[in-house]
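Comments concern the structure below.
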Amino acid sequence: MLLKKQTILERILKEITGMDNVLLGEGGEHADLATTIAFALAKQKKQAPVKIAQDLVADLSKHPELAGITVEAKGPYINFIFGKEYVSDTIKAAVKPGYGSLEKKTTRVVLEHTSANPNGPLHVGHIRNSIIGDTLARAFRKAGYRLEVQYYVNDMGRQIAIVVWGFTHLDSTQHDGEKEDAHIARIYIAANREIEKDPGITQQVNELMQLVEKGDTLTVKKFRNEVSRCLEGFEVTMKNLNVAHDRFVWESDFIRNGYTERIIGRIRKLPQAKQEETLALDLSEFGFENKYVIRRSDGTSVYAARDLAFHAWKGANFDRVIDVLGADHKLIGAQLQCTMKLLGEKVPEIVHFEFVSLPEGSMSTRAGKFVSADDLITEINKKAFDEVTARRPELDEPARRAIAQSVGLAAVRYDIVKVSPEKSTVFDWKEALDFERQSGPYIQYSHSRACSILDKAGPFEECCDLETPAEIALAKQIAKLPMVIERVIAELRPHILATYARELADTFNSFYHFDPVLKSEGDVRNRRLTLVKAAQNTLKESLETLGIDAIRSM
RNA sequence: GGGCUUGUGGCUUAGCUUGGACAUAGCGCCGGGCUUCUAACCCGGAUGUCGAGGGUUCAAAUCCCUCCAAGCCCGCCA
């Protein structure tokens with residue numbers, strides 16, 4: 001609705017002014033939309049911006065398509081304020097299930113996220129990837145795309161070889177109640193300690209890697225076995241975070257099915273290819289200074305080669321290929337994109353996010369320096385349960401547990417998704433465990449309030465003609481959801497939705513305190529209940545797109 | 001050394017891609033508000049040389065240049 005209005009206004013402004021860029025944008029507190037085009041026209045027309053704005057307003061007010069929109073000049077600014085029809089149309093749309101969804105599209109999108117090395121549990125850095133990726137996935141589905149979400153399993157790396165070495169040479173008994181991925185991490189850390197003491201072990205690790213590349217059945221089986229166990233652990237964690245993948249794609253498959261060999265053959269024919277001891281690409285003409293090695297001197301492939309094969313496969317099966325990767329992958333990501341372009345393949349779009357570190361420094365699985373996602377979830381559920389028990393002592397324990405779980409999940413997901421991906425962060429227990437303003441639970445709370453009002457109201461007649469400033473402000477905030485979804489997809493930045501949902505909750509809470517709903521009567525009661533229903537539905541759709549439960553009571 | 005990213009009140013953070021009307025919000029601080037729809041809330045107040053300096057422009061947090069600081073990356077690892 002807002003999108004449609006903006007398109008119409010842009011077109012009309014272009015017609016009238018003849019300008020390419022009509023400088024139409026948000027009007028903030030002054031208007032629903034505003035333009036500063038008068039400044040741009042001032043030079044060309046040799047008139048004062050204020051005069052130009054007045055003249056334009058005179059022309060615009062007569063325009064038949066702008067009926068119902070107040071057009072006014074405030075100094076050099078031209079403001080557009082939408083009328084009652086816009087507000088009531090918004091509410092009519094927003095009370096319907098699925099509000100905010102965009103038109104179905106035929107574009108097939110593949111989104112890869114998390115893809116952590118299976119050598120230890122997911123930590124708070126990995127889940128930034130999961131949560132950004134999963135929120136993007138939900139936004140893509142809401143925007144009507146056909147989507148498949150993939151996890152790329154790095155099952156033939158050095159890390160895994162070290163894990164396998166550890167399981168064969170060290171005491172690797174699983175402790176009672178120890179989670180699979182935590183067990184793997186313990187052995188991985190121990191194996192690394194042994195390697196530090198005796199560098200000769202590295203040779204044994206290298207041999208394991210060569211056996212895998214050659215396809216030695218027993219070694220491949222060992223690798224697969226440990227990786228699968230680690231993934232079992234990951235799946236428990238991701239389920240707790242409400243994160244899901246449609247398919248796990250195994251890196252080693254791209255050796256076995258010959259795709260890697262095939263892409264290496266094509267790379268060799270590129271003018272940038274340098275076959276010396278290694279096969280490498282010289283991408284210096286594109287600003288990459290280091291050699292991009294594809295095949296080792298012993299003939300085995302490196303990660304980059306398998307990754308190219310994987311991406312060629314994705315490009316052949318999907319219209320858009322999107323990867324969510326940590327900032328440490330920026331260089332290799334750019335080299336991958338560059339090479340895909342040289343090969344004439346579809347170029348993947350890469351979403352990078354900056355690192356999460358601990359107050360004492362960066363995290364390291366190898367050194368055992370990390371806060372695991374499982375520990376975070378356990379702590380947050382504990383705190384949430386205490387909180388629910390304090391606020392709702394009358395509920396039985398299972399009910400309190402259920403609420404606590406949803407609240408904990410909301411706190412974790414929101415705390416991570418609310419920050420722009422390009423910002424590096426330091427993990428902070430106090431902030432992660434906060435359930436107050438600017439948190440996921442705060443938005444859930446607003447939703448529960450709306451539900452509570454609707455539950456108490458009983459049946460009512462829907463009425464979309466709003467009056468008071470608080471009512472109109474809320475309706476206009478509700479109107480923005482479809483455009484927010486559109487922006488998240490266009491910019492691949494899910495924190496935009498997080499900000500929006502918080503602002504929607506703010507606006508709803510403000511309305512809640514200024515305009516009584518159940519105590520009002522007649523038409524006023526009906527229209528406010530309709531608005532509450534629209535707000536509840538919009539909060540629900542926003543929360544669910546953020547992967548947060550829209551609980552009805554908390 | 002080179003590249004990428006970031007620097008916004010005491011702390012955390014939006015806005016920067018598309019320059020424009022008093023820079024967004026939270027925590028903390030000060031002062032108010034529950035016999036009235038869930039106070040995980042709301043209302044009001046104090047706190048800012050938007051890292052520093054220069055430039056472009058009628059107009060710069062936003063664009064350009066230089067510098068400073070932090071994180072990440074520069075492997076026949078993945």
Side-chain angles (χ1 to χ4, degrees), chain A residues 21 23-31 34-36 38-40 42-43 48-49 74-77 79 115 117 119 154 156-160 209 251 277-280 287-291 293-300 302-304 306-307 326-332 334 352 354-355 357 362 384 387-388 390-392 407 411 418-426 428 430-431 434-439 441-446 448-457 490-491 493 495-496 498-499 502-503 505-506 509-510 512-520 528-529 532 553-554:
Chain A
N21 183 355
L23 305 168
L24 189 67
E26 293 206 20
E29 70 218 75
H30 305 279
T35 172
T36 54
F39 287 109
K43 206 171 248 181
K74 271 265 169 69
Y77 302 94
N79 292 335
S115 303
N117 281 329
N119 59 346
N154 303 125
M156 45 188 308
R158 165 161 253 109
Q159 286 95 329
I160 309 312
M209 287 173 71
E251 183 180 2
E277 274 152 45
T278 61
L279 171 64
F288 299 101
E289 283 172 18
N290 59 329
K291 278 200 306 184
V293 176
I294 303 296
R295 183 163 18 211
R296 297 190 184 93
S297 50
D298 66 3
T300 58
V302 296
Y303 170 82
R306 276 112 58 183
D307 208 24
D328 53 339
H329 287 68
K330 274 188 186 174
L331 178 60
I332 55 160
H352 287 290
E354 289 289 332
F355 263 53
S357 57
S362 47
E387 202 75 33
V388 176
R391 292 167 196 277
R392 304 292 300 277
V407 167
K418 73 179 179 189
V419 183
S420 318
E422 65 271 16
K423 228 136 187 165
S424 51
T425 62
V426 177
D428 183 318
K430 204 179 141 218
E431 256 171 59
D434 187 11
F435 301 148
E436 298 198 332
R437 280 192 69 133
Q438 283 204 344
S439 74
Y442 165 75
I443 303 164
Q444 284 179 310
Y445 181 73
S446 310
S448 293
R449 269 184 160 173
C451 289
S452 169
I453 293 175
L454 293 170
D455 287 345
K456 286 184 180 151
E491 301 182 27
R493 282 151 62 84
H495 81 285
I496 295 168
T499 304
R502 197 213 75 226
E503 284 170 351
D506 287 345
N509 282 326
S510 210
Y512 175 94
H513 283 277
F514 284 119
D515 293 351
V517 179
L518 295 178
K519 272 177 296 175
S520 52
R528 286 189 183 161
L529 278 168
V532 170
S553 165
M554 64 187 277

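Which of B:C42, B:A78, B:U5 sits closest to the side chain of A:Glu354 comes down to B:U5. Closest approach to the A:Thr278 side chain among B:U36, B:C76, B:A40 is made by B:C76 (side chain taken as heavy atoms from C-beta onward). Between B:G33, B:A40, B:C76, one nucleotide has an atom nearer to the side chain of A:Arg391 than all others, and that is B:A40. Among B:C76, B:G26, B:A39, the nucleotide with an atom closest to any side-chain atom of A:Arg449 is B:A39. Taking only side-chain atoms of A:Leu518, from C-beta outward, the nucleotide of B:C37, B:A40, B:C43 with the closest atom is B:C37. Looking at the side chain of A:Lys43, the nearest of the listed nucleotides B:C42, B:A78, B:U57 is B:U57. Listed nucleotides B:C37, B:G2, B:C73 differ in distance to A:Lys456; the shortest reach to its side chain belongs to B:C37.
Contact annotation: side chain of A:Ser297 to base of B:C76, donor-acceptor pair present below 3.5 Å.
Between A:Phe355 atom CZ and B:G71 atom P the separation is 13 Å, expressed in whole Å. The interatomic distance linking A:Lys291 (NZ) with B:C73 (P) rounds to 22 Å, in whole Å. Residue A:Arg437 contributes atom CZ, which lies 7 Å from atom P of B:C41 at whole-angstrom precision.
Here the separation of B:C16 from B:U5, taken at their C1' atoms, is 14 Å to the nearest Å. Rounded to whole Å, the separation between the P atoms of B:A69 and B:G44 comes to 43 Å.
No hydrogens or angles considered: nothing links the side chains of A:Arg306 and A:Asn154 as a donor-acceptor pair under 3.5 Å.
Contact annotation: A:Ser357 side-chain N/O to B:G71 OP1/OP2 distance is not under 4.0 Å. At the phosphate of B:C72, OP1 or OP2 sits under 4.0 Å from a side-chain N or O atom of A:Ser362.
Between A:Tyr303 and A:Pro441, the one whose closest nucleotide on RNA chain B sits nearer the 5' end is A:Pro441.
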Quick one: what's the B/S/- string for nucleotides 12-22 of chain B, heavy-atom cutoff under 4.0 Å, read 5' to 3'?
S-SS-B--BBB
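Electrostatic pairing of A:Arg502 and A:Asp506 counts as a salt bridge here, judged by a charged N lying under 4.0 Å from a carboxylate O.
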